[in-house]
Amino acid sequence: MKVEIRVVDVEGRCAAEYTPGDRFYLNSFLLESERPICIHALLSLSHVAYALSHRAELKSAGGDGIYISCPDPGKPLGDGKVVFRLEVVE
């Protein structure tokens, strides 16, 4: 199964320069992206994205995908926090 990982919000300045609407994909165990993927984002997303790509039935409270944030706390302690939405697309 293919999982879309989409940037939905950026608070502060993201070192990877992600902006809302940016997306990349996990297809089984392969990442598909046209731009570099931040290691901090990858570490926070990988377990849930992998589970979704292998048919795990995970749901967020809202039921419209799974939302995960990178570990950067944003201002005043960091540069920028990014929120991602994960959803099975294929």
With sequence neighbours excluded, give me every salt bridge (Lys or Arg N to Asp or Glu O under 4.0 Å) pair touching residues 39-54.
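Found none.
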Shortest non-hydrogen separation from [X] to [Y] and the atoms involved:
X	Y	answer
Ser44	Cys70	OG-CA, 3.7 Å
Leu43	His47	O-ND1, 4.2 Å
Ala16	Cys38	CB-CB, 4.0 Å
Val8	Pro20	O-CB, 4.0 Å

Contacts of type side-chain contact (heavy atoms from CB on, under 4.5 Å), residue Leu31, not counting sequence neighbours
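Counting only residues at least two positions away or on another chain, Leu31 forms a side-chain contact (heavy atoms from CB on, under 4.5 Å) with Phe24, Leu26, Ile37, Leu42.
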Can you list everything that forms a side-chain contact (heavy atoms from CB on, under 4.5 Å) with Arg35? Sequence neighbours excluded, please.
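Per chain and number, Arg35 pairs via side-chain contact (heavy atoms from CB on, under 4.5 Å) with Glu17, Tyr18, Asp22, Ser33.
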Evaluate the side-chain proximity of [Y] to [X]: yes if any heavy-atom separation is below 4.5 Å, no if none is.
X	Y	value
Leu45	Leu86	yes
Tyr25	Val89	yes
Val83	Tyr67	yes

Partner set under salt bridge (charged side-chain N to carboxylate O under 4.0 Å, His left out) for Glu32, not counting sequence neighbours
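Partners of Glu32 by the salt bridge (charged side-chain N to carboxylate O under 4.0 Å, His left out) criterion, ordered by chain and then number, come out as Lys2.
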Which pairs of donor and acceptor atoms, one on a side chain in residues 49-56, lie under 3.5 Å apart (sequence neighbours left out)?
{"from": "Ser53", "atom 1": "OG", "to": "Ser28", "atom 2": "O", "distance (Å)": "3.1"}
{"from": "Ser53", "atom 1": "OG", "to": "Tyr50", "atom 2": "O", "distance (Å)": "2.8"}
{"from": "His54", "atom 1": "ND1", "to": "Tyr50", "atom 2": "O", "distance (Å)": "3.1"}

Return the [atom1] to [atom2] distance between [X] and [Y], rounded to the nearest 0.5 Å.
X	Y	atom1	atom2	value
Asp9	Cys14	CG	SG	11.5 Å
Arg85	Arg23	CZ	CZ	9.5 Å
Lys81	Glu11	NZ	CD	4.5 Å

With sequence neighbours left out, write down each residue that passes side-chain hydrogen bond (donor to acceptor under 3.5 Å, both in side chains) with Arg6, or none if nothing qualifies.
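By the side-chain hydrogen bond (donor to acceptor under 3.5 Å, both in side chains) rule, Arg6 matches no residue at all.
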